[in-house]
**Student:** 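One structure, as structure tokens, below. Some questions next.
Proteins get letters first, then strands, A, B, ... in listed order; numbering begins at 1 in each. Atom set for the values below is all heavy atoms of this structure, side chains included, hydrogens, waters and symmetry mates excluded.
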There are 2 protein chains.
Amino acid sequence: MAVAKPKAKTSEPDAAENLAALRTRIAERYDGLSNRLQQIAKFVLDHPNDIALETVVVIAERAGVPPSALIRFAQALDYSGFREMQRVFQAPLASRSPSYAERVRGLALDRAEQEEEDGPYHFLARFCAASAVALEHIQEVLTPEQLGQAVDLLVKARQVYVVAQRRSFPVAAYLAYALPHSEKPTHLLDGLGGMLDEQVRSIQPDDALIAISFSPYARETAAIVERAAARGASVIVISDSMVSPISRFASVFFEIKDAEVQGFRSLTASLCLAQTLAVGLAMRSPGGK
Amino acid sequence: MAVAKPKAKTSEPDAAENLAALRTRIAERYDGLSNRLQQIAKFVLDHPNDIALETVVVIAERAGVPPSALIRFAQALDYSGFREMQRVFQAPLASRSPSYAERVRGLALDRAEQEEEDGPYHFLARFCAASAVALEHIQEVLTPEQLGQAVDLLVKARQVYVVAQRRSFPVAAYLAYALPHSEKPTHLLDGLGGMLDEQVRSIQPDDALIAISFSPYARETAAIVERAAARGASVIVISDSMVSPISRFASVFFEIKDAEVQGFRSLTASLCLAQTLAVGLAMRSPGGK
DNA sequence: TGGAATCTGCAACATTTTTTCCAACTGTTC
DNA sequence: GAACAGTTGGAAAAAATGTTGCAGATTCCA
């Protein structure tokens with residue numbers, strides 16, 4: 001990871017100055033500031049998020065100072081104006097999961113730079129890194145409520161059906177392996193022998209369907225989800241977009257943006273979620289725990 | 001953690017509406033939106049931080065749309081203007097991501113209390129943590145040479161056979177999906193219709209077999225590996241021990257100790273390796289890169 | 001193919017937000 | 001207690017940001 005330039009000197013505000021450096025500088029100059037400006041300094045150090053998100057007027061009100069004082073404060077710190085200082089406070093918020101897609105892309109770009117070194121081992125390292133990021137990400141994105149609802153549906157379901165095509169299929173295969181371990185009747189809708197239609201007809205209103213599908217969405221999966229929903233079954237959807245063709249029918253929807261390297265998307269995050277559902281069900285089952 | 005109000009009804013934007021509800025509403029209305037507005041919807045869902053922190057002009061630029069379209073998008077969602085919608089995106093940032101902090105704290109508590117607290121979310125966190133460790137581990141354990149050899153075998157092989165049973169099956173399913181993308185004829189030995197024996201008979205000396213098996217080792221997998229080796233095929237083995245029943249026949253052996261939580265073992269590391277093999281092959285194939 | 005309806009982008013407009021300026025104030029020194 | 005230097009608050013100016021109207025483009029339907 002690229003480390004910022006040393007930057008031992010403290011005084012001039014760099015365009016890309018980070019919050020830590022700014023805070024240091026505030027502390028350094030604190031004694032030389034006037035009363036009002038010291039008051040502001042305290043507030044700024046204590047409420048960085050307010051500085052990042054609110055307008056001068058709102059901040060001034062909260063800090064109990066007139067707006068102009070805030071501008072003077074920023075200028076006292078050698079910024080051209082308040083806005084410039086505000087940027088520094090916004091940066092860390094923006095990079096809080098820096099739209100995740102960016103990070104994954106960053107990994108890909110990294111690879112491009114090292115065009116020369118492209119042995120399999122490098123790919124392994126990249127997949128591992130990308131997967132780790134994806135794992136971090138789903139913890140931020142998924143809520144306990146979602147998971148609770150999904151497990152509830154599985155617990156209540158008389159039988160569970162699982163469907164996924166192509167790349168997503170391994171996830172379905174895993175669920176078809178794991179769920180029966182909790183004595184939950186589970187059926188993998190594999191379309192074997194072209195009997196998909198017949199398999200779907202078995203779905204009853206008190207059943208649940210788990211569907212996994214990522215762009216480009218498999219036609220068959222979408223059709224099954226729609227029909228299952230029409231038959232009154234609960235539907236748990238794992239997909240990469242809320243606006244995917246199958247999301248609209250979901251009783252519970254999980255958005256998974258899995259890692260991608262060289263156009264090959266991983267299944268790490270999806271499988272982690274599948275596993276969580278399986279264990280969640282196991283813990284709520286008679287034999288479980 | 002305070003659970004959001006049920007909010008089964010979907011339409012009017014509440015002043016205190018949270019991001020999740022907004023995202024849901026976007027998804028609901030997606031189909032009714034014009035092209036440009038759909039384009040914006042995607043961008044908004046993918047870049048929530050940009051929406052929260054940047055100005056209309058900047059966001060518009062990044063999304064590749066005119067500024068006015070953004071305002072119209074907000075209005076299409078029943079907001080009085082862009083600013084009102086922006087508030088919704090800022091809220092989660094304002095409080096230093098309290099929900100995430102809560103979750104981590106919850107996880108820590110869980111660990112401390114060990115087995116007591118057992119919501120599904122805690123399992124997710126544990127799986128993610130455990131998987132991350134596993135990913136780190138395989139990078140240390142696997143050598144570039146091993147990977148190079150394995151990929152060599154795949155490149156040279158006339159056809160590739162893949163076998164795995166039960167828990168490991170998803171890994172095989174993934175390979176059966178991914179390898180043909182490099183124009184490598186691949187066959188999944190699934191034993192469908194009890195024809196495992198017949199499937200194995202197709203294996204030729206210039207073929208390769210990839211076998212995945214973990215303790216407790218599936219009988220069928222061991223038998224197939226042995227027969228494939230006897231027929232002169234190269235064998236790539238992914239297993240958890242060098243002394244597993246299938247390791248002795250391996251041309252290349254990968255030792256994977258996958259993550260385990262509550263007795264449920266993950267497939268993360270195995271899949272990562274599988275993916276690496278697939279990409280490694282793709283890079284060496286006529287069509288690939 | 002023609003016409004209606006809708007969508008789109010530009011540019012003018014209205015509003016909000018930031019910044020500057022100046023008069024009043026405070027505290028200090030002689 | 002007067003003069004001065006520095007500080008302060010508010011109002012006005014300047015800048016930026018958000019919003020809307022309209023004409024042209026596009027799509028949809030007959």
Side-chain angles (χ1 to χ4, degrees), chain A residues 13 15 17 22 26 28-44 47-91 93-94 243, chain B residues 13 15 17 22 25-26 28-44 47-91 93-94:
Chain A
E17 181 180 41
L22 170 52
I26 292 177
E28 278 173 12
R29 304 208 182 172
Y30 185 81
D31 291 328
L33 296 175
S34 72
N35 278 350
R36 185 52 26 123
L37 259 37
Q38 286 187 355
Q39 178 189 353
I40 293 175
K42 276 188 206 150
F43 184 88
V44 166
H47 305 270
N49 286 325
D50 282 357
I51 308 300
L53 294 171
E54 302 296 338
T55 72
V56 172
V57 177
V58 174
I59 298 166
E61 199 172 308
R62 291 192 187 162
V65 302
S68 51
L70 286 177
I71 279 80
R72 283 206 200 91
F73 177 77
Q75 290 170 339
L77 260 45
D78 300 335
Y79 291 101
S80 72
F82 181 83
R83 183 153 276 284
E84 196 180 340
M85 185 181 78
Q86 194 177 35
R87 286 271 163 218
V88 178
F89 285 86
Q90 287 180 341
L93 292 183
V243 295
Chain B
E17 181 179 41
L22 169 53
R25 201 140 48 80
I26 292 176
E28 278 173 14
R29 304 215 179 163
Y30 186 79
D31 291 327
L33 297 174
S34 72
N35 277 351
R36 184 53 24 125
L37 260 38
Q38 286 187 355
Q39 177 188 357
I40 293 176
K42 277 189 202 144
F43 185 89
V44 166
H47 305 269
N49 285 332
D50 282 356
I51 307 299
L53 294 173
E54 300 296 340
T55 71
V56 173
V57 177
V58 174
I59 299 166
E61 199 171 306
R62 291 192 188 164
V65 302
S68 53
L70 286 177
I71 280 81
R72 292 209 186 90
F73 176 77
Q75 290 170 338
L77 261 45
D78 300 335
Y79 292 102
S80 70
F82 181 83
R83 186 153 280 281
E84 196 180 342
M85 184 180 81
Q86 195 177 35
R87 287 269 163 219
V88 178
F89 284 86
Q90 288 180 341
L93 295 181

**Student:** Verify, without hydrogens or angle tests, whether B:Arg25 (side chain) and B:Leu77 (backbone) share a donor-acceptor contact under 3.5 angstrom.
**Tutor:** yes

**Student:** CZ of A:Phe73 versus C1' of D:dG9: gap in Å, rounded?
**Tutor:** 18 Å

**Student:** Is A:Gln86 near enough to C:dT17 that one of its side-chain N or O atoms lies under 4.0 angstrom from OP1 or OP2?
**Tutor:** no

**Student:** Measure from CG on B:Leu37 to C1' on C:dT8 and round the result to the nearest Å.
**Tutor:** 10 Å

**Student:** Round to a whole Å and report the spacing from CD of B:Glu54 to P of D:dG18.
**Tutor:** 10 Å

**Student:** Rounded to whole Å, please give me the gap between CD1 in B:Ile71 and P in D:dC22.
**Tutor:** 18 Å

**Student:** Rounded to whole angstroms, how far apart are CD on A:Glu61 and P on C:dT18?
**Tutor:** 13 Å

**Student:** Is it true that a side-chain atom of A:Gln90 and a backbone atom of A:Leu53 form a donor plus acceptor pair closer than 3.5 Å?
**Tutor:** no

**Student:** If every non-hydrogen atom of A:Pro66 is compared with every non-hydrogen atom of A:Ala60, which pair is closest and at what distance?
**Tutor:** C-CB, 3.9 Å

**Student:** Rounded to the Å, how far apart are A:Gln75 CD and D:dT7 C1'?
**Tutor:** 14 Å

**Student:** Write down the protein N/O and nucleotide N/O pairs, taken from nucleotides 10-13 of chain C, whose separation is under 3.5 Å; answer none if there are no such pairs.
**Tutor:**
residue, atom, partner, partner atom, Å
C:dC10, N4, B:Ser68, OG, 3.3

**Student:** Using whole Å, report how far CD of B:Gln39 lies from C1' of C:dC7.
**Tutor:** 13 Å

**Student:** Do B:Phe73 and B:Val65 come within less than 4.5 Å of each other through their side chains, counting heavy atoms only?
**Tutor:** no

**Student:** For B:Arg83 and for B:Ala69, locate the closest nucleotide of DNA chain C by heavy-atom distance; then report the residue assigned to the nucleotide nearer the 5' terminus.
**Tutor:** B:Ala69

**Student:** Could you tell me how far apart A:Phe82 (CZ) and C:dT20 (C1') are, to the nearest whole angstrom?
**Tutor:** 16 Å

**Student:** Is the backbone of A:Thr55 close enough, under 3.5 Å, to the side chain of A:Gln86 for a donor and an acceptor to pair up by distance?
**Tutor:** no

**Student:** Do the non-hydrogen side-chain atoms of B:Glu54 and B:Arg62 ever get within less than 4.5 Å of each other?
**Tutor:** yes

